[in-house]
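To keep things clear, I will list the structure first and then write my remarks on it.
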Amino acid sequence: MKRLRRNPDESDPETNPDPDGEGSFSKDQHERKCGLSSMKMMGFFVVALMVVSVVFSVSVVLQDPPSDGVLESGKNVRFLDVMESSKEEQVLEVQPQKGPVDDDAPSIEVRKDKLLSGLLAAGFDETSCVSRYQSVLYRKESQHKPSPYLISRLRSYEALHKRCGPYTESYNKTLEKLKTGHHLESTDCNYLVWISFSGLGNRILTLASAFLYALLTNRVLLVDPGTDMVDLFCEPFPEVSWFLPLDFPLKNQFGSFDQKSPHCYGRMLKNSSFPNSSKSISAPFVYLHLVHDYDDQDKLFFCDEDQTSLRKVPWLIMKTDNYFVPSLFLIPTFEQELSNLFPRKEAVFHLLGRYIFHPTNPVWGLITRYYQAYLAKADERIGIQIRVFDTGTGPFQHVLDQIIACTLKENLLPDISTEKPIINQSQKSKAVLVTSLSGGYFERLRDMYWEHPTVTGEVIGFYQPSHEEYQQTEKQFHNRKAWAEMYLLSLTDVLITSSWSTFGYVAQSLGGLKPWILYKPENRTAPDPPCGRVMSMEPCFHAPPFYDCKAKRGIDTGAVVPHVRHCEDMSWGLKLVDNESEL
């Protein structure tokens with residue numbers, strides 16, 4: 001009989017809870033299985049928590065993804081898509097960066113509408129013309145909104161341009177009649193061809209005038225590209241170009257068109273034997289000579305009867321160096337339409353200019369690089385546009401004296417201290433953008449504020465992008481810089497311009513600014529007062545007609561209606577102003 005050996009502690013209930021040995025193996029196995037199951041359950045639970053956490057984090061990120069910043073005077077800008085009026089429209093959300101002074105300031109969101117309250121059409125390729133939708137980043141919000149009627153008419157015009165523009169069926173049909181010389185009793189589309197003529201400032205003003213006339217008469221505007229228009233301005237209308245095709249049959253005659261041309265409207269009136277009441281024009285095209293040297297017959301263009309005669313002419317070819325918009329407001333046929341389009345009369349060029357004129361990408365690069373480098377960080381931006389009509393080599397002392405007198409008298413710049421230093425320096429800075437063909441005025445002003453402190457302690461910086469010494473209208477890069485400088489001036493907060501200068505007119509109207517205008521000096525003496533605030537931001541029509549079409553006699557056209565007045569810088573010129581009683 002075998003004796004069984006026992007562990008010394010087998011009988012100890014604390015060390016062996018199963019002293020009889022029954023089921024000890026199965027119980028240990030069961031406990032090990034239970035332990036493993038518990039550990040697995042805990043692992044799965046931890047993993048599940050981690051997955052939920054990751055999913056939640058990803059969902060939060062995807063709801064508000066980070067985007068690259070676009071600088072606007074020290075601001076971060078990001079693009080958002082929003083739905084407005086049942087149509088997807090892109091706006092910009094601007095979040096100012098916090099500086100050392102306002103670290104605790106709350107975040108402020110300013111939503112900027114890139115379509116300018118409906119003025120611009122959506123759907124353009126943004127990369128082909130960056131300025132069209134990006135210019136809003138560099139401007140203050142305009143106080144002058146387009147009327148609903150203007151927006152509607154612009155969309156209608158875009159549809160007309162798409163249907164009748166270059167190489168469309170209607171264009172080809174009307175062009176064929178022009179080539180054969182046959183007059184069309186009625187055509188699907190009528191055209192206004194603008195001839196590229198004069199300096200850049202004049203061209204911008206006259207092109208806006210031509211577009212408004214085309215809008216009023218339901219004509220399609222076609223633009224002679226000249227030597228540089230394609231290089232300077234983006235296409236303003238969707239899908240179909242506004243540039244006149246190079247194979248247009250009359251293009252080679254543009255340079256020779258003048259008052260002696262057989263198809264000149266003024267000459268046709270002179271040679272006509274029929275009375276005004278029975279005018280009938282059978283020619284396939286008419287040349288409109290609206291240059292500053294036009295005569296009394298040419299000026300009859302601004303009469304109601306003559307507009308009726310021109311209505312059925314399929315092709316009108318226009319050459320002008322005048323902003324003739326004010327005289328359109330004196331034509332009774334257009335009166336109600338213009339009132340509907342522009343409830344505020346002083347905003348005509350401001351709105352049309354922002355609709356039509358978008359700098360091409362090379363020009364936009366000149367504008368934005370200069371703005372960010374020299375103007376963006378200033379607390380206030382001041383523009384001084386200097387145009388001198390005196391002969392001789394500048395800079396002229398009387399012009400410099402006039403500029404300084406204007407800035408000090410109107411508190412646009414602080415005076416300097418020549419006796420004692422200013423201890424308490426102000427934190428405010430002003431950037432002054434000077435544009436002039438001469439670099440001398442900029443240098444004198446810069447040195448004056450560099451060599452002496454200001455009495456207010458403000459820091460004043462002066463900047464001039466270029467000084468070409470003389471106007472070079474036909475040079476491409478000269479006009480690129482000229483267009484860039486006009487645009488930069490329009491981005492300032494305060495503006496000083498020179499009398500008679502279309503360069504200044506463009507800047508003030510695009511920017512929505514009422515500038516201080518430097519009065520024209522006489523006998524090389526600074527005038528007193530040196531400058532004055534303009535009545536409105538509208539440009540001046542330098543050579544308007546003074547004729548009463550009904551009475552057929554001379555009249556002061558600056559005293560006919562309250563919203564057409566004589567200009568501050570040219571006593572015989574006309575400009576649009578807002579008559580508060582009409583608003």
Side-chain angles (χ1 to χ4, degrees), residues 73-74 99-102 370-371 373-388 390 392-467 485 488-489 491-499 501 504 507-508 513-534 568:
S73 303
V101 179
D102 58 350
Y370 199 91
Y371 185 90
Y374 302 108
L375 306 178
K377 295 179 181 179
D379 296 303
E380 185 178 30
R381 287 162 285 277
I382 300 172
I384 302 179
Q385 182 261 328
I386 305 169
R387 180 73 165 95
V388 179
D390 291 342
T393 305
F396 300 102
Q397 186 61 44
H398 68 279
V399 174
L400 183 64
D401 292 342
Q402 182 182 7
I403 295 168
I404 295 172
C406 176
T407 59
L408 296 181
K409 178 178 180 294
E410 302 297 338
N411 295 317
L412 305 179
L413 286 177
D415 204 349
I416 59 171
S417 174
T418 57
E419 297 181 359
K420 56 183 180 179
I422 305 299
I423 298 175
N424 296 325
Q425 289 291 322
S426 169
Q427 296 296 315
K428 188 174 182 180
S429 65
K430 293 184 178 183
V432 183
L433 176 70
V434 179
T435 65
S436 173
L437 291 173
S438 168
Y441 302 104
F442 155 74
E443 292 171 356
R444 299 279 292 276
L445 290 167
R446 177 200 60 191
D447 292 349
M448 172 179 165
Y449 280 87
W450 178 34
E451 295 169 0
H452 305 284
T454 61
V455 294
T456 60
E458 294 171 289
V459 177
I460 314 296
F462 286 84
Y463 310 96
Q464 181 171 357
S466 70
H467 47 89
E485 290 182 20
L488 283 166
L489 285 172
L491 300 179
T492 59
D493 304 306
V494 176
L495 185 60
I496 300 169
T497 61
S498 298
S499 292
S501 176
Q508 71 192 43
L513 303 167
K514 287 185 180 180
W516 280 264
I517 194 163
L518 297 166
Y519 297 126
K520 195 170 183 297
E522 299 292 340
N523 301 319
R524 299 205 170 187
T525 303
D528 186 18
C531 62
R533 194 81 181 270
V534 299
E568 300 88 351

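Predicted model only: the values in this text are computed from it and were never measured.
- The nearest pair of heavy atoms linking K430 to L412 is NZ-O, 3.3 Å.
- A donor-acceptor pair under 3.5 Å is absent between the side-chain atoms of S498 and the main chain of L518, judged by distance alone.
- The two atoms that bring L489 and G383 nearest to each other are CD2-CA, 3.8 Å, heavy atoms only.
- With rounding to the nearest 0.5 angstrom, the CD atom of Q385 is 5.0 Å from the OG1 atom of T435.
- The backbone N or O of K520 lies less than 3.5 Å from no partner atom in the side chain of Q402, so there is not a single donor-acceptor pair.
- Residues F462 and R446 come closest through the heavy atom pair CD1-CA, 3.8 Å.
- Atom CG of L495 is separated from atom CD1 of I517 by 9.5 Å, given to the nearest 0.5 angstrom.
- Side-chain contact between T407 and W516 is absent, with no heavy-atom pair separated by less than 4.5 Å.
- Checking side-chain atoms of Y449 against main-chain N and O of P414 turns up a donor-acceptor pair under 3.5 Å.
- Of the inter-residue distances, the one linking K409 atom NZ with N411 atom CG reads 9.5 Å to the nearest 0.5 angstrom.
- Around atom OH of Y463, more than 12 heavy atoms belonging to other residues, nucleotides or ligands sit under 6.0 Å away.
- Using modelled atom types, one side-chain atom of R381 and one backbone atom of L375 make a donor-acceptor pair closer than 3.5 Å.
- Atom OG1 of T456 and atom CD1 of I460 lie 6.5 Å apart (nearest 0.5 Å).
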Give the intermediate values and the outcome of side chain to side chain contact (heavy atoms under 4.5 Å, CB included) for residues I386 and V399. CA-CA 9 Å; I386 305 169; V399 174; 4.3 Å; yes
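- A distance-only check finds a donor-acceptor pair linking the side chain of T525 to the backbone of N523 [under 3.5 Å].
- Side-chain N or O atoms of R533 include one that pairs as donor or acceptor with a backbone N or O of K514 at under 3.5 Å.
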Between S436 and Q464, is the side chain to side chain contact (heavy atoms under 4.5 Å, CB included) condition met? List the steps. CA-CA 8 Å; S436 173; Q464 181 171 357; 4.1 Å; yes
Going through the checks in order, is the side chain to side chain contact (heavy atoms under 4.5 Å, CB included) test met by L413 and I404? CA-CA 9 Å; L413 286 177; I404 295 172; over 6 Å; no
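- The shortest non-hydrogen separation linking V434 to P465 is O-CD, 3.6 Å.
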Apply side chain to side chain contact (heavy atoms under 4.5 Å, CB included) to D390 and H398, showing your working. CA-CA 11 Å; D390 291 342; H398 68 279; 3.1 Å; yes
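- Taking every heavy atom of both residues into account, P395 and G440 meet most closely at CG-CA, 3.7 Å.
- The structure places CD of E443 at 11.5 Å from CG of L400, a figure rounded to the nearest 0.5 Å.
- Atoms CE and OG1, on M448 and T418 in that order, are 10.0 Å from each other to the nearest 0.5 Å.
- Minimum heavy-atom separation, F396 to Y441: N-OH, 2.9 Å.
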